[in-house]
Amino acid sequence: MTFKPSTTDKALAPETAKSHEGAATLFIDGAWSAAAAGRTRTIECPADGSFVAEVAEADASDTERAIAAADAAFRRTGEDSWASWTTAQRGQLVLDIAAAIRQRKDEFAWAESMDTGKRLPESAADMDDIIACFEYFGKLAGNDAGRLVDANDPTVVARIVREPVGVCGLITPWNYPLLQVAWKVAPCLAGGNTFVLKPAELTPHTAILLMHVIDDLGVPAGVANLVTGAGSDAGAPLSSDPRIDMVSFTGGLATGRIIAGEAAKSVKKVALELGGKNPNIIFADADYEAALDNALNAAFLHSGQVCSAGARLVVEESIAEKFVDDLVERAGHIKLGGPLDEKAETGALISKQHLEKVAAYVDRAREQGARVRVGGEIATGPTADGSGSLADGYFYPPTVIDQVTREMDCVHDEAFGPTVTIETFRTEEEAIEIGNDTDYGLAGAVWTSDSGVAERVSRALRHGTVWINDFGPYLPQAEWGGFGQSGIGRELGPAGLEEYTEAKLVYENTAPAVTGWFEDRR
Ligand code: NAD
């Protein structure tokens with residue numbers, strides 16, 4: 001069934017709403033339940049504060065129950081157990097999830113937009129990426145039959161086989177809620193693991209819908225579990241509980257440090273996808289209009305709430321004045337509005353708290369001597385289509401900050417909002433030096449018509465993704481992740497599946513013999 005929302009109705013799709021009855025949004029051991037302590041959380045649309053739904057607010061005891069279920073499901077053997085599923089069956093399951101999301105795409109997109117305040121067409125595009133991710137891992141499952149190893153001994157058969165890691169704790173952020181979930185759940189299932197998923201507390205709805213899909217597809221109880229709730233409470237056991245074999249986290253650097261520290265105590269496998277402060281380097285010989293247009297996308301798409309946002313513009317000095325003037329001019333005309341506002345070009349920030357954080361980041365830049373060329377104040381005017389007020393939601397306008405120095409916080413800190421700082425360079429070496437002057441290392445771009453410059457700069461940048469004459473695309477078949485403090489490990493691509501497996505050496509001696517190493521004194 002697809003959901004066709006009217007442009008005035010902000011309610012959840014009937015199917016989604018039904019799945020929320022009694023705030024029974026925890027999926028544990030194959031059954032839906034409310035939080036044991038009965039606590040709930042009200043989800044509101046950040047674009048206008050309208051009520052979306054009431055969901056369960058789990059605490060650590062709910063998560064521990066989910067971990068026990070995932071642990072038992074992983075260890076269970078025999079007919080119908082998860083362990084008895086072949087890789088082909090697991091791959092088919094992941095493909096079936098893709099097909100089910102495709103069938104209910106409108107409903108998923110709607111739920112995503114209500115939680116995030118993101119424009120509906122953007123959420124619909126996200127769903128296409130999510131479907132592609134499930135399809136990629138569904139097809140990849142079972143492709144790796146292991147590897148024969150030459151033991152330099154004709155009597156030995158040695159091979160490397162890939163085994164599931166075990167019970168996985170999956171923790172995801174609010175900016176691309178289901179996309180981040182898909183990057184983890186798809187390879188996790190394809191690899192034969194069980195999991196407990198904790199989506200961001202502000203944006204749980206598409207994860208809830210996904211678990212309904214998985215439930216409908218007949219996955220054994222306990223393989224897939226969901227807890228909705230706050231990180232410090234519901235999330236914490238996923239890095240501290242010794243029954244968890246791997247924790248995969250996407251979110252902020254500070255949280256990543258806490259999670260890695262907790263996980264170290266029981267020596268879990270840890271995968272971290274953290275933030276970024278991503279340089280977008282424009283040489284004077286670049287295609288001017290393409291570079292300018294993409295500089296806007298890089299900084300202001302999804303109001304800058306993108307881990308790989310090009311929030312640090314680095315322009316060759318000879319074109320900087322005109323380029324920045326044009327950027328300021330275009331940024332000042334970007335239209336803001338809610339999910340259903342057809343005239344809006346970008347949407348709300350996720351919460352009041354986040355809005356205040358972005359505003360404080362810009363205020364600090366001012367205090368430290370930077371100049372705000374456009375934007376720089378919380379938006380309170382009419383929405384793009386004039387039907388409402390931006391003051392009812394959490395809107396911040398596209399903001400361009402120049403006259404910065406490298407000592408300023410705005411150049412190093414991730415704002416995770418619609419802001420961009422401007423720096424200039426004179427030489428290729430200087431451009432590279434600026435681009436690498438960050439503790440992060442997630443993504444960057446170089447714009448030039450000189451393929452030699454493009455090649456040298458792209459190789460010299462210490463970032464997990466480098467675009468040449470583009471900004472933003474990623475591919476499910478290509479690894480994604482960070483250098484430096486942007487994280488540990490990779491999602492997507494073959495390595496994204498490998499993260500969810502352990503390599504095992506199976507060494508067979510086909511001619512067992514007495515070694516004589518220890519003298520036989522019987
Ligand atoms: P966050 O770190 O506040 O929260 C992320 C998740 O962690 C949420 O589900 C939260 O509830 C949970 N959490 C918080 N404390 C926890 C704890 N002690 N134990 C377990 N779980 C805990 O991040 P956010 O504000 O939701 O997301 C924004 C951040 O995510 C940005 O820094 C952004 O760059 C990063 N991000 C990175 C990528 C990437 O691919 N590298 C993608 C998206 C977002």
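Indexing begins at 1, ligand by ligand and atom by atom, following the structure's order.
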Distance filter under 4.0 Å to [X] heavy atoms, resulting ligand 1 atoms:
X: P173; value: 26 (O), 27 (O), 43 (C), 44 (C)
X: E273; value: 37 (C), 39 (C), 40 (O), 41 (N)
X: P199; value: 9 (O)
X: N175; value: 43 (C), 44 (C)
X: G252; value: 1 (P), 2 (O), 23 (O), 29 (C), 30 (O), 32 (O)
X: T250; value: 5 (C), 36 (N), 37 (C), 38 (C), 39 (C), 42 (C), 43 (C), 44 (C)

Check each heavy atom of [X] against ligand 1 and say whether those closer than 4.0 Å belong to the side chain, the backbone, both or neither.
X: I171; value: side chain
X: F249; value: side chain
X: E491; value: neither
X: L253; value: neither
X: H354; value: neither
X: S239; value: neither

Does [X] have a heavy atom less than 4.0 Å from any atom of ligand 1?
X: G481; result: no
X: A200; result: yes
X: L274; result: yes

No-hydrogen, no-angle side-chain donor-acceptor test under 3.5 Å, S240 and E262: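 No.
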Short side-chain donor-acceptor distance under 3.5 Å, W447 and N280: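 Note: N280 and W447 side chains meet the donor-acceptor criterion.
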Decide, yes or no, whether a salt bridge links [X] with [Y] under the criterion of side-chain N to carboxylate O below 4.0 Å.
X: E112; Y: K118; answer: no
X: E491; Y: K184; answer: yes
X: D439; Y: K277; answer: no
X: E135; Y: K139; answer: no
X: R364; Y: E367; answer: no
X: D293; Y: R330; answer: yes

For [atom], the protein heavy atom that lies nearest, with its residue and separation:
atom: atom 6 (C) of ligand 1; result: T172 O, 3.5 Å
atom: atom 19 (N) of ligand 1; result: G231 O, 3.4 Å
atom: atom 25 (O) of ligand 1; result: W174 NE1, 2.9 Å
atom: atom 32 (O) of ligand 1; result: E414 OE1, 2.7 Å
atom: atom 36 (N) of ligand 1; result: C307 CB, 3.5 Å
atom: atom 14 (C) of ligand 1; result: T255 CG2, 3.3 Å
atom: atom 28 (C) of ligand 1; result: F416 CE2, 3.5 Å
atom: atom 10 (C) of ligand 1; result: E201 OE1, 3.6 Å

Mutual orientation of the aromatic rings belonging to F416 and W174 [parallel < 30°, tilted 30-60°, perpendicular > 60°]: perpendicular
CZ (R406) with more than 12 external heavy atoms under 6.0 Å: yes
Within the 6.0 Å centroid threshold, strictly below: W183 and Y474: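 W183 vs Y474: aromatic centres under 6.0 Å.
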Check: H302 ring centre within less than 6.0 Å of Y176 ring centre: yes
Close side-chain approach of T172 and K198, heavy atoms under 4.5 Å: no
4.5 Å side-chain heavy-atom contact, L178 and D126: no
Residue that, paired with R41, satisfies side chain to side chain donor-acceptor pair (under 3.5 Å) out of E57, E201, E54: E57
Heavy-atom protein neighbour under 4.0 angstrom from atom 4 (O) of ligand 1: no
Given H463, E414, R462, the one that forms side chain to side chain contact (heavy atoms under 4.5 Å, CB included) with Y440: E414
Any N or O of [X] closer than 3.5 Å to N or O of ligand 1:
X: K198; answer: yes
X: Q180; answer: no
X: W183; answer: no
X: L442; answer: no
X: S486; answer: no

